[in-house]
Amino acid sequence: MADNRVVKVTLRAQIAEYKKGMQEAAQATETAAQKSRRELQELEDQLQEVEEASQMVGRALLVAGTAMVGATAMAVKAAAEWESAWAGVTKTVDGTDAQLSTLEQGLRDLTGVLPASHEEIAAVAEAAGQLGIETESVTSFTKTMIDLGETTNLSSDQAATSLARFMNIMGTSQSEVSRLGSALVGLGNNYATTEAEIMEMSMRLAGAGRQIGL
């Protein structure tokens with residue numbers, strides 16, 4: 001009987017130990033499962049963040065790409081328009097390759113200091129050639145005419161035609177075109193008349209003035 005009791009006590013102890021071990025194993029398994037779920041959730045969150053970031057980068061690249069394409073298209077269009085406008089200048093202005101290259105760069109540089117487009121500037125330069133302005137003076141003549149078109153009631157074309165004819169009649173040096181333009185503006189600013197009226201009067205007086213040595 002004593003042996004049976006010992007056996008029972010031993011079995012109970014073993015069973016209790018087994019249950020404890022099983023409980024600990026179950027708890028460890030649950031803990032591991034919870035950890036795995038947390039890690040899985042963190043991984044999903046990270047993947048979501050990566051996906052959102054990728055979408056943002058994709059949209060940014062799309063916008064940047066569209067902007068670059070638009071800028072490139074505008075640059076190509078501007079270049080084509082300038083080539084067309086410059087072709088008009090070369091029809092009326094003669095010069096060596098070096099002179100024409102200098103003139104072209106000078107006209108293009110004017111867009112940085114004048115409120116006029118390449119096409120508007122080229123149009124005045126083309127008119128300058130038709131009016132007999134020398135190649136070396138075309139850039140300064142064009143600048144003066146654009147300035148007059150912006151600051152007086154004369155258009156650039158009107159100013160170019162009138163001043164070129166006046167200079168031809170009076171024998172005025174083409175290097176003096178800037179001073180002539182300044183004189184015209186000064187008269188318009190200080191007298192009760194307009195630059196167009198002053199220019200018209202000057203043209204009427206030019207022939208007679210030339211004859212008497214003015």
Side-chain angles (χ1 to χ4, degrees), residues 74-75 77-214:
M74 290 179 63
K77 181 175 182 293
E81 290 175 346
W82 169 253
E83 288 302 321
S84 176
W86 172 246
V89 177
T90 58
K91 291 178 182 177
T92 63
V93 179
D94 295 324
T96 65
D97 290 342
Q99 288 175 319
L100 291 177
S101 178
T102 299
L103 173 60
E104 181 179 13
Q105 187 58 54
L107 295 177
R108 291 175 71 93
D109 289 344
L110 289 181
T111 57
V113 295
L114 297 177
S117 68
H118 283 116
E119 291 72 27
E120 292 169 333
I121 290 172
V124 175
E126 182 177 349
Q130 291 174 330
L131 294 167
I133 303 300
E134 297 173 355
T135 303
E136 294 78 3
S137 301
V138 169
T139 300
S140 59
F141 182 87
T142 300
K143 181 179 184 304
T144 299
M145 298 310 111
I146 295 292
D147 284 337
L148 289 174
E150 292 294 326
T151 58
T152 71
N153 68 328
L154 290 165
S155 69
S156 298
D157 290 340
Q158 289 174 325
T161 301
S162 298
L163 264 72
R165 289 175 178 172
F166 179 83
M167 292 165 66
N168 286 335
I169 294 172
M170 296 300 297
T172 306
S173 171
Q174 293 182 7
S175 63
E176 297 294 314
V177 64
S178 179
R179 294 178 62 185
L180 184 59
S182 296
L184 179 61
V185 172
L187 290 171
N189 289 340
N190 290 283
Y191 292 92
T193 186
T194 66
E195 291 82 4
E197 292 170 337
I198 293 170
M199 198 68 246
E200 183 180 352
M201 174 66 73
S202 298
M203 289 298 295
R204 288 202 298 267
L205 296 174
R210 177 64 173 172
Q211 291 179 354
I212 64 176
L214 288 179

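As a basis for the values below, the full set of heavy atoms in this structure was taken, side chains included, without hydrogen atoms, waters or symmetry mates.
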Item to check | Atom of S156, atom of V124 and distance for their closest heavy-atom approach | outcome: CB-CG2, 3.8 Å
Checklist entry - Among all residues two or more places apart in sequence or in another chain, which pass the side-chain hydrogen bond (donor to acceptor under 3.5 Å, both in side chains) test with N168? => result none
Next on the checklist: Listing request: all salt bridge (charged side-chain N to carboxylate O under 4.0 Å, His left out) pairs with a residue in residues 150-164, at least two apart in sequence or in separate chains.
Outcome noted: none
Checklist outcome for this item: Separation between CD1 (I146) and CG (L148), nearest 0.5 Å, reads 9.5 Å
Checklist entry - If you look only at pairs with a residue in residues 166-185, which of them pass as a salt bridge (charged side-chain N to carboxylate O under 4.0 Å, His left out), with sequence neighbours excluded? => result E176-R179
Next on the checklist: For S101, give me all partners under side-chain contact (heavy atoms from CB on, under 4.5 Å), at least two apart in sequence or on another chain.
Outcome noted: none
Checklist entry - Residues two or more places apart in sequence or in another chain: which of them pass side-chain hydrogen bond (donor to acceptor under 3.5 Å, both in side chains) with Q211? => result none
Checklist entry - Residues in side-chain contact (heavy atoms from CB on, under 4.5 Å) with M201, at least two apart? => result R204, L205
Checklist outcome for this item: Partner of T142 under side chain to side chain contact (heavy atoms under 4.5 Å, CB included), picked from T144, T139, V138, is V138
Item to check | Check: V177 and M145 side chains under 4.5 Å, non-hydrogen atoms | outcome: yes
Checklist outcome for this item: Hits for side-chain hydrogen bond (donor to acceptor under 3.5 Å, both in side chains) against E104, two or more places apart or cross-chain, chain-then-number order -> W82
Next on the checklist: Once rounded to the nearest 0.5 Å, what's the spacing between atom CG of L110 and atom CD of E120?
Outcome noted: 12.5 Å
Checklist entry - Looking only at heavy atoms, which two atoms of F141 and A164 are closest? And how far apart? => result CZ-CB, 4.1 Å
If you look only at distance, which donor and acceptor atoms sit under 3.5 Å apart when one is on a side chain in residues 87-98 and the other is two or more places apart or in another chain?
residue : atom : partner : partner atom : Å
T90     : OG1  : A87     : O            : 2.7
T92     : OG1  : V89     : O            : 3.3
T92     : OG1  : E126    : O            : 2.9
T96     : OG1  : Q99     : N            : 3.1
T96     : OG1  : Q99     : OE1          : 3.4

Next on the checklist: To the nearest 0.5 Å, what is the distance between OG on S202 and CE on M170?
Outcome noted: 9.5 Å
Checklist outcome for this item: To the nearest 0.5 Å, atom NE2 of H118 lies from atom OG1 of T111 at 3.5 Å
Checklist outcome for this item: Those residues at least two apart in sequence (or on a different chain) that pass salt bridge (Lys or Arg N to Asp or Glu O under 4.0 Å) with R165 are none
Checklist outcome for this item: side-chain contact (heavy atoms from CB on, under 4.5 Å) filter on Q174, not counting sequence neighbours, yields I133, E134, S137, M167
Checklist outcome for this item: Rounding to 0.5 Å, atoms OG1 (T194) and CE (M199) come to a distance of 12.0 Å
Next on the checklist: If I take atom CD from residue Q105 and atom CG from residue L107, how far apart are they, to the nearest 0.5 angstrom?
Outcome noted: 9.5 Å
Checklist outcome for this item: Residue set satisfying side-chain contact (heavy atoms from CB on, under 4.5 Å) with L187, at least two apart, ordered chain then number -> Y191, I198
Item to check | Side chain proximity check, V185 to D147, heavy atoms < 4.5 angstrom | outcome: no
Checklist entry - Under the side-chain hydrogen bond (donor to acceptor under 3.5 Å, both in side chains) test, which residues partner T151, sequence neighbours left out? => result none
